[in-house]
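No experiment lies behind these values; they were computed from the predicted model shown.
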Amino acid sequence: MLAATAGFVVYFIGVFSGGLDIGETCARLGQPYDDAYRATHWEEPSRFFPLHNRCNAAFDVVPAWVNPALVCFAALTVIGAVVAVVMGTARIVAAVRRSPARIK
């Protein structure tokens, strides 16, 4: 659960790193806003993964650590879920084996 929560927080940071107006964000960061590049790559900011929101071809307002962190937290979430299912199943099997009323 901790990895899933951390992944959600990192995704939230990545999605909203550009602010509401990317032009103002680029200007605040001292980067030129390239309207032609944005028009050509219009689908890039709305993709689910990997997260990108570029001012121009050379500068992305999404921090570089966001996408690798998302992959790590997703992997940890899946591993944690698998471990939980395996341990829960083993616990149930052990309880059934100890039960005196089990069917032979």
- Share the residues that join L29 in a hydrophobic cluster, the rule being Ile, Leu, Val, Met, Phe, Trp or Tyr side chains under 4.5 Å apart at the heavy-atom level.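 Via sub-4.5 Å side-chain contacts, L29 links to I22, Y33, F59, V61.
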- Query: Quick one: hydrophobic cluster around F48, which other residues, with the 4.5 Å side-chain cut-off, linked directly or via members?
  - Reply: V9, V10, Y11, F12, I13, V15, F16, F49, L51, V62, W65, V66, L70, V71, F73, L76
- Give the C-alpha distance, both sets of side-chain angles, the deciding distance and a yes or no for side chain to side chain contact (heavy atoms under 4.5 Å, CB included) between R54 and H41. CA-CA 9 Å; R54 298 180 190 272; H41 298 90; over 6 Å; no
- Taking all heavy atoms of G18 and all of N53, pick out the closest pair and write down the distance.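 Closest heavy-atom pair between G18 and N53: CA-ND2, 3.9 Å.
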- Message: Please determine whether residues I79 and M87 belong to a single hydrophobic cluster, defined as Ile, Leu, Val, Met, Phe, Trp and Tyr linked transitively by side-chain heavy-atom distances below 4.5 Å.
- Response: yes
- Query: Are more than 12 heavy atoms from other residues, nucleotides or ligands located less than 6.0 Å from atom CZ of R91?
  - Reply: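 At most 12 heavy atoms, drawn from other residues, nucleotides or ligands, come within 6.0 Å of this atom.
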- Task: State which residue, out of T25, D60, N56, fulfils the side-chain contact (heavy atoms from CB on, under 4.5 Å) condition with Q31.
- Result: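 Only match with Q31 under side-chain contact (heavy atoms from CB on, under 4.5 Å): N56.
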